[in-house]
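Below is one structure, written out as structure tokens; comments come after it.
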Amino acid sequence: MNTGKWKKYMLQEDEWDRDMLLDPAWEQQQRKTFTAWCNSHLRKAGTQIENIEEDFRNGLKLMLLLEVISGERLPKPDRGKMRFHKIANVNKALDFITSKGVKLVSIGAEEIVDGNVKMTLGMIWTIILRFAIQDISVEETSAKEGLLLWCQRKTAPYRNVNVQNFHVSWKDGLAFCALIHRHRPDLLDYSKLNKDDPMGNLNLAFDIAEKHLDIPKMLDAEDIINTPKPDERAIMTYVSCFYHAFAGAEQAETAANRICKVLGVNQENEKMMEEYERLASELLEWIQRTTPWLENRTPEKTMVEMRRKLEDFRDYRRQHKPPKVQEKCQLEINFNTLQTKLRISNRPAFMPSEGKMVSDIASAWQGLEQAEKGYEEWLLTEIRRLERLDHLAEKFRQKATNHESWASGKELILSQKDYETATLTEIRALLRKHEAFESDLAAHQDRVEQIAAIAQELNELDYHDVAAVNQRCQSICDLWDKLGTLTQKRRESLERTDKLLETIDQLFLEFAKRSAPFNNWMEGAMEDLQDMFIVHTTEEVQSLISAHEQFKATLPEADVERQAIMGIHNEVQKISQSYGIKANIINPYSIITIEELLHKWDKVKKLVPQRDGALQEEMARQHAHERLRRQFAAQANLIGPWIQARMEEIGRCSLEIGGTLEDQMTQLKQFEHVIVAYKPNIDKLEGDHQLIQESLVFDNKHTNYTMEHIRVGWELLLTTIARTINEIETQILTRDAKGISQQQMNEFRSSFNHFDRKKNGAMETDDFRACLISMGYDLGEVEFARIMMLVDPNATGIVSFQSFIDFMTRETADTDTAEQVVASFRILATDKPYILVDELRRELPPEQAEYCIMRMPPYAGPGAPPGALDYTAFSTALYGESDL
Amino acid sequence: MSAYTVSLPGPGPWGFRLQGGKDFNMPLTISRITPGSKAAQGNLVQGDIIVAIDGVSTEGMTHLEAQNKIKMANYNLALTMSKLISADPVETSGNGPEHLQLVRNRR
């Protein structure tokens, strides 16, 4: 871009070239200004120019000027005075200018040597432009624009100054004053300046510049004021001096500052380097101290100690390391900053001393952090391990204690010999208890294993007190084994005892099963053998004897049984003795003891012969009885039939029809006599019977007749004969009383006999009924019943001959009887239907009369006097039949 | 025993024969009924027992007492009757010579 502007400027120069001659004012101003300017530089070389178009003609001052401005050496000037020496020198100058990048157009050495004012001014302007203005750079704006910008910037605070160009903006002089004031407020009081006094302002500015700023006057105040548009180049030149003066001062200041800065930076850098080195050393030293501590992996024994280590580590992390981290950070920052600073200030990079390089620090730090991490991990692992160990140790303790408390006393219990005195049920209970214990033991197996496992782990994890643990574990295991053995032994003992007791129990049961029936048999036998027998026949005795013999035959068998039972008992004894069973062995199934059995057996054995004897005795007695029986029987068998015969005789006799009642009587009396004469036989039989009874013989198979029978028969015979006689007597009386003829009697008798089906001298009801029917009685049931009541008032069910006769005789006279009595009373009552008391007393004996008076009901008929008695009713009442 | 009551309209005679009584050891019965009489019209049955006369029980009455009671009936005569039960012949214990039984003592 600069080149662009440069080009533009170059064009301007061309334009100026053509226009140049138009304004001589400008030429004038330029001459003054440029001369002053050249002199301001040349004075450093100790020379001046008077005339700008003249003094540069030989080129020597030109070259000098260039040397002063550039600070460089030009080639040695030619010292000749010839034109070509001058041209050569001017060319050297121009070449130099060209070598500085300025394209000199239309400016030649000849013109300058010839003193061409325009050319010379142009060339000076080119030099000014190139060496005073071109290098101005303000905010990236360079040359003219840069200078303008610089003026604008510097005069910006001054409201009444507005620099827009390098001509009219400067006319009032305020711009110059502002510039001065801006940089050196001590040189003028800007506030007192007046815009309307351009002359004053300008002159003031020029004076101050010359006096204080070492800027010779290059402009003329009058010229500026009077020229409507002052020469731009002149203004620019003069202003550039201000620039260089201030900027230079600034530059100097800046330079000084820069130097100070640089030096400061240097010092700073050096300090920083030192600091770095120091910090680095410290840090490294710290790292070197700390790292081994972090790498130490010596385990502690207890949690407490480890915890402390952890705490220390924590402290380290929270308190000791952070500052170090910061230090390192700082170190890094410092290093970076340093490096950056060095780089910025174009210095070589900082190389820390050996071992203190960034990489060293970094690697040391890394090492530290690794150690740290490792340490932390290790700490935690260790703590976990110790924790676990503590936990395990505690677990072990707990389990061991629990187990030990469970196991305590078990040894003793298992060693008990309680089974020696236990019964079968007790043994069973013990066995069950033992089973339970065994399962308990099995359950504890797990626990013992767990304890051992924990102990193992404690060993593996290197527990500090592992010796005690192992010891305890060992004792637990030993005891465990012991318990196992004892348990097994006890089981065996219990089972063995159980079997034995079981066997014994079975034997007892067997004993009970056999002893009970045997006992019963023996008791039965004893009873039988002692049995009080009542026998009445020899056969019975014989059968008893046979039975006894049979019984005796069973004795050997019984004895075998006895021995067997004995054997069982002995077996039990043997078992309990040989196996040392101390329990009280009682047979729970049987209350029968062996002693009892034996005792009874002996008794039985004794009783057998006793019974033999008894039976024999009895046999004898029975024979005796038999004799008695026969005796009795012989007699009874005679007497019985004899009585029977007599009875029959009597019966026959009473039934006979032929012959008179007297004849019957006579016969009966004869019978009676015979019978009475026979009594001694009865007495004798009684005697035999007594004997028999005294001998307690109650049966007699030799005769069907018992004594009672005979007695009864005898008495019956006696009563029969008496009764029969009585009957005949009664019949005789009846016959006589009723006037029944013998023939009638015989008829009655015949009928009676006929209907006496059973021929026992009495008619039964049916017989009688048949009899009545045959006699022509057409009887209804009622009537018959009535008749029955008459003939058999006692309801015996039989009709005797007497009753029969009574009935038969009554019937014929029945209807009259009551009437007869009534008729008799009538006679006494003199045909009255009633009878009077007096009449009764008069006609009848007193007793009968009173009887009638008492019993007779009063007569209720008409026309009867008081006291009349009804004899009809009374009469009928007598016979139990009244017509009402 | 089937009992029934008969009421005969009075006055007497009723036309029946009274038989029996405590003194004869026979129940009070009607031994005969006069045909066409009040007794016959009253459906009295010959042979039936008189249980009560005018509501009074005949138990223990003598013939005379019964006779008087009947005669005392003012107007109507109420007789409580009972059918005669045909008497079964009562088994006797037997007075005749019994068949001798051989009773053997069993051992």
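Residue numbers start from 1 in every chain, and the chains themselves are labelled A, B, ... in the order their sequence lines are given, proteins ahead of strands.
For Leu64(B), the parts lying under 4.5 angstrom from a heavy atom of chain A are both the backbone and the side chain. For chain A, the nearby part of Phe24(B) is the side chain; its heavy atoms alone come within less than 4.5 Å. Contacts between Asn25(B) and chain A at a heavy-atom distance below 4.5 Å are absent for every atom of the residue. Heavy-atom distances place no part of Asp792(A) under 4.5 Å from chain B, backbone and side chain included. For a residue to count as touching a neighbouring chain, one of its non-hydrogen atoms must lie under 4.5 Å from one of that chain's; by this rule Ile643(A) does not touch chain B. Interface remark: Thr720(A) contributes no atoms to any contact with chain B (heavy atom separation under 4.5 Å).
Looking only at atom types and distance, the side chain of Thr538(A) has no donor-acceptor partner in the side chain of Glu626(A) under 3.5 Å away. Side chains of Asn43(B) and Tyr4(B): no donor on one and acceptor on the other come within 3.5 Å.
No other option in Val712(A), Leu717(A), Thr876(A) has as many heavy-atom pairs under 4.5 Å with chain B as Thr876(A). With chain B as partner, the option from Ser882(A), Ala877(A), Ala873(A) having the largest number of non-hydrogen pairs under 4.5 angstrom is Ser882(A).
Seen from the ring of Phe671(A), Arg646(A) does not count as a face-on cation partner, given the 6.0 Å and 45° thresholds.
Using a cut-off of 4.0 Å between Lys/Arg side-chain N and Asp/Glu carboxylate O, Glu727(A) and Arg723(A) are scored as salt-bridged.
Side-chain atoms of Thr58(B) come within 3.5 Å of backbone N or O of Val51(B) as a donor-acceptor pair.
Residues Trp714(A) and Ile675(A) form a side-chain contact, since some pair of their non-hydrogen atoms from C-beta on lies under 4.5 Å apart.
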